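Report on one structure; see the data block that follows.
This structure is a prediction, so every number in the text was calculated from the model and none was measured. Numbering starts at 1 and runs along the sequence shown. Order of appearance sets the numbers: ligands from 1, and atoms from 1 within every ligand.
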Amino acid sequence: MNIQELIRPTIKRLKPYSSARDEFQGTSNDMVFLDANENPFENGVNRYPDPQQRKLKTVLSEIKGLPTQNILLGNGSDEVLDLIYRAFCEPNQDNIITLPPTYGMYSVLANINAIEIKEVNLTDDFQLQVDKILEAANKNSKILFLCSPNNPSGNSFKNEDIEQLLKLFKGIVVIDEAYIDFSDNPSWLVRLSDFPNLIVTQTLSKAYGMAGIRLGICYASEYIISVLNRIKPPYNVNELTQQKAIELLSKKDIANQQIENILKERKKLNSKLELVPFVLKTFPSDANFILAKVDDATKRYNQLIEKGIVVRNRTTQKGCENCLRFTVGTSDENIKLIDTLKSIQ
Ligand SMILES: *Cc1c(COP(=O)(O)O)cnc(C)c1O
């Protein structure tokens, strides 16, 4: 597959903005920087951040075992996904394929960018309909979004189905691994060199506990990363975010302990949810949340709000009629949730 042919012509022609920090990347601290019109009085944030986030990428590169040239960072996954749209999808011409029920941002970003959305539903047990997806695709289908583990269903897609799509879909396949750290399935990162059309996205917002700093991560071939680099805003990841991410990523044991705790709590919560009389069914989860079918989702959602507990009502999503999505909280929070569910009529 020729990835270059998938890039929008206007992006191929683009001459990127060259920032002061791109033109001179000083390594020694005793340089005098008079090139970026910054305020010279030091306060920790008076300088522009590194546009290539080299320190942070080096840390991530070591954790993930991938060269920094295969990594692009953004202001949350949302920015990363938007960059992918702008690199590959021509407004009012191209389309993308999403698989409801899934993460809502794929279609919001398509709408913002004037890209047609083709929807192919997941099966009743939230798996991929490979043939239908391939049938829905045409020559203008530039991106297929696979969210695995999937939000809001929580399950992972079958590896052999994903592999089929990577081989047969003639566009970019984005595998959104926001919840991969809660799953026993290995990340698709290790397959990047096998599939030139594969983009894997991850985030520090979930397992790593840094939703507040907004850091999304994109892994792809060096070529795709170089294209995305040309269109990203020069200073898209701010200095405080870069510092905090480096600090917290160095405390890997804490994140790992928290993930283990959340997995233990997920199991407990699941078995307790199944004992609640109006919970009809819970769906198997590889993520830090559980989707459950109840008798009347909107009624139960409102009752929980009244008791001070906010969950996500997913009843309007395809295949999620009367479903609530429960994020796994601390042990105390989960006990409070279960006690409350048992107390409401
Ligand atoms: C939460 C979530 C993200 C994370 O988005 P950020 O912008 O990085 O916080 C990405 N994809 C899915 C499917 C999610 O549920």
Under 4.0 Å from a heavy atom of [X]: give me the atoms of ligand 1 that qualify, with their elements.
{"X": "Ala178", "value": "2 (C), 3 (C), 10 (C), 11 (N), 12 (C), 14 (C)"}
{"X": "Cys147", "value": "13 (C)"}
{"X": "Lys206", "value": "1 (C), 2 (C), 3 (C), 4 (C), 14 (C), 15 (O)"}
{"X": "Gly76", "value": "7 (O), 8 (O)"}
{"X": "Ser205", "value": "6 (P), 8 (O), 9 (O)"}
{"X": "Asp78", "value": "7 (O)"}
{"X": "Ser77", "value": "4 (C), 5 (O), 6 (P), 7 (O), 8 (O), 10 (C)"}

Next item on the list: List the closest protein heavy-atom neighbour of atom 7 (O) of ligand 1: residue, atom name, distance to the nearest 0.1 Å.
Entry: Arg214 NH2, 2.5 Å

Next item on the list: Tell me which protein heavy atom sits closest to atom 11 (N) of ligand 1, plus the residue, atom name and distance to 0.1 Å.
Entry: Asp176 OD2, 2.7 Å

Check: Does Glu260 come within less than 4.0 Å of Lys264, counting only side-chain N to carboxylate O?
Finding: no

Check: In terms of side-chain geometry, is the basic nitrogen of Glu333 or Lys336 positioned less than 4.0 Å from the acidic oxygen of its partner?
Finding: no

Check: So which bit of Glu79 gets within less than 4.0 Å of ligand 1, heavy atoms only: side chain, backbone, both or neither?
Finding: neither

Next item on the list: Please work out whether any backbone atom (N, CA, C, O) or any side-chain heavy atom from C-beta onward of Asn151 is under 4.0 Å from ligand 1, and answer side chain, backbone, both or neither.
Entry: side chain

Report the relative orientation of the aromatic rings in [X] and [Y]; use parallel for angles under 30°, tilted for 30 to 60°, perpendicular for over 60°.
{"X": "Tyr179", "Y": "Phe182", "result": "tilted"}
{"X": "Phe283", "Y": "Phe126", "result": "perpendicular"}
{"X": "Tyr48", "Y": "Tyr235", "result": "parallel"}

Note to self: Out of Phe289, Tyr103, Tyr179, who is nearest to atom 15 (O) of ligand 1 when you count heavy atoms only?
What the structure shows: Tyr179

Next item on the list: Give the intermediate values and the outcome of side chain to side chain contact (heavy atoms under 4.5 Å, CB included) for residues Leu165 and Leu134.
Entry: CA-CA 8 Å; Leu165 289 167; Leu134 293 172; 4.0 Å; yes

Checklist line | Nitrogen or oxygen of Thr203 less than 3.5 angstrom from that of ligand 1 | finding: yes

Check: Counting only heavy atoms not in Glu306, do more than 12 sit closer than 6.0 Å to its CD atom?
Finding: no

Margin query: Counting only heavy atoms from other residues, nucleotides and ligands, does the tally under 6.0 Å from CG of Asp124 exceed 12?
Written below: no

Next item on the list: Please determine which of Lys272, Lys293, Glu274 meets the side chain to side chain donor-acceptor pair (under 3.5 Å) test together with Thr282.
Entry: Glu274

